[in-house]
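Reading through the structure tokens given below for one structure.
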Amino acid sequence: MSEASEGFDTEMLWDEFHRVVNMNSEELRAFLLADASDEEGFPPDPDLGVDELGRGVLHVLAKRKGDLTKVDLEVMRQVVELVETMHDRTDDESRHELMSVGHDPLRG
């Protein structure tokens, strides 16, 4: 793939990612941390039991388009694919999965 077409793909992916991720980084971080905690409190590992894809979304949200890595682009592709596959299902389990990657299906 040429740099021009790769840049175009990145541009489209960036736009689509930011369209489907409708929670801001603070909302997503709070959701992930609340989700990772349970009656026993936070687990001892450094990731605090936070969903890996959700952590990736937080990293991407903190970046500028020009600073994206191949790993960031893969996270963005996975999130767009997941949201498009699940559509806007609002049952508890589906909403929870969607919100773990920054998409709240109850938002317009």
Side-chain angles (χ1 to χ4, degrees):
M1 182 184 292
S2 72
E3 279 187 42
S5 64
E6 189 172 312
F8 182 68
D9 182 46
T10 300
E11 185 77 31
M12 287 175 41
L13 182 58
W14 175 266
D15 291 344
E16 190 64 13
F17 174 81
H18 284 285
R19 184 186 66 77
V20 301
V21 174
N22 60 7
M23 296 168 65
N24 65 39
S25 57
E26 292 85 22
E27 292 169 323
L28 178 56
R29 183 176 292 108
F31 177 81
L32 292 171
L33 289 174
D35 188 48
S37 68
D38 57 19
E39 294 85 30
E40 298 172 19
F42 290 112
D45 68 71
D47 293 328
L48 298 173
V50 172
D51 176 76
E52 185 177 343
L53 190 53
R55 280 196 319 271
V57 172
L58 284 173
H59 289 297
V60 171
L61 289 175
K63 291 187 172 191
R64 295 179 308 204
K65 192 179 340 177
D67 297 332
L68 296 172
T69 65
K70 288 184 188 280
V71 171
D72 297 330
L73 294 174
E74 183 56 31
V75 164
M76 293 168 67
R77 280 187 189 94
Q78 287 178 15
V79 170
V80 169
E81 218 171 81
L82 176 69
V83 173
E84 287 177 350
T85 300
M86 293 185 71
H87 303 284
D88 279 339
R89 293 191 212 158
T90 56
D91 61 276
D92 287 345
E93 187 176 324
S94 296
R95 183 172 185 235
H96 184 272
E97 185 172 355
L98 288 166
M99 288 182 70
S100 73
V101 297
H103 178 79
D104 185 346
L106 297 181
R107 289 192 179 172

Point to revise | Minimum-distance pair of heavy atoms, taken over all atoms of Pro105 and Thr90 | key: CB-CG2, 4.2 Å
**Study point:** Test item: Thr85 and Leu82 side chains (from C-beta on) under 4.5 Å apart, heavy atoms
**Key:** no
Exercise for review: Apply salt bridge (charged side-chain N to carboxylate O under 4.0 Å, His left out) to Glu16 and Arg77, showing your working.
Suggested key: CA-CA 9 Å; Glu16 190 64 13; Arg77 280 187 189 94; over 6 Å; no
Point to revise | Side-chain touch Phe31/His96, heavy atoms, less than 4.5 angstrom | key: yes
Check your understanding: side-chain contact (heavy atoms from CB on, under 4.5 Å) between Glu97 and Met86: does it pass, once the steps are laid out?
Key -> CA-CA 9 Å; Glu97 185 172 355; Met86 293 185 71; 3.8 Å; yes
Review point. Are the charged groups of Asp67 and Arg64 less than 4.0 angstrom apart, N to O?
Key: yes
Point to revise | Minimum heavy-atom distance Val21-Val79, with the two atoms named | key: CG2-CG1, 3.9 Å
Practice item. To the nearest 0.5 angstrom, please state how far the CZ atom of Arg55 sits from the CG atom of Leu28. Key: 11.5 Å
Review point. Under 4.0 Å between a Lys/Arg side-chain N and an Asp/Glu carboxylate O for Lys65 and Glu11?
Key: yes
Point to revise | Donor-acceptor pair, side chain of Asp35 and main chain of Leu32, under 3.5 angstrom | key: no
Check your understanding: CD of Glu27 to CG of Asn22: how many Å apart, nearest 0.5 Å?
Key -> 8.0 Å
Review point. Among all residues two or more places apart in sequence or in another chain, which pass the ring pair (Phe, Tyr, Trp, His ring centres under 6.0 Å) test with His59?
Key: none
**Study point:** Within the 6.0 Å centroid threshold, strictly below: His103 and Phe17
**Key:** no
Check your understanding: Do the non-hydrogen side-chain atoms of Asp104 and Leu98 ever get within less than 4.5 Å of each other?
Key -> no
Practice item. Can you establish whether the number of heavy atoms outside Glu84 located under 6.0 Å from its atom CD is more than 12? Key: yes
Review point. Rounded to the nearest 0.5 Å, how far does CG of Leu68 lie from OG1 of Thr10?
Key: 7.0 Å
Review point. Taking only residues two or more places apart in sequence, or in another chain, which ones meet Arg29 in a salt bridge (charged side-chain N to carboxylate O under 4.0 Å, His left out)?
Key: none
Practice item. Count the heavy atoms of every other residue, nucleotide or ligand shown that sit under 6.0 Å from CG of Asp92, and state whether that count exceeds 12. Key: no
Practice item. Supply the atom-to-atom distance Leu61 CG to Met76 CE, rounded to the nearest 0.5 angstrom. Key: 9.0 Å
**Study point:** Interatomic spacing from CG in Leu58 to NZ in Lys63 - rounded to 0.5 Å
**Key:** 12.5 Å
Practice item. Give, for atom CE of Met23 and atom OG of Ser100, the distance between the pair rounded to the nearest 0.5 Å. Key: 9.0 Å
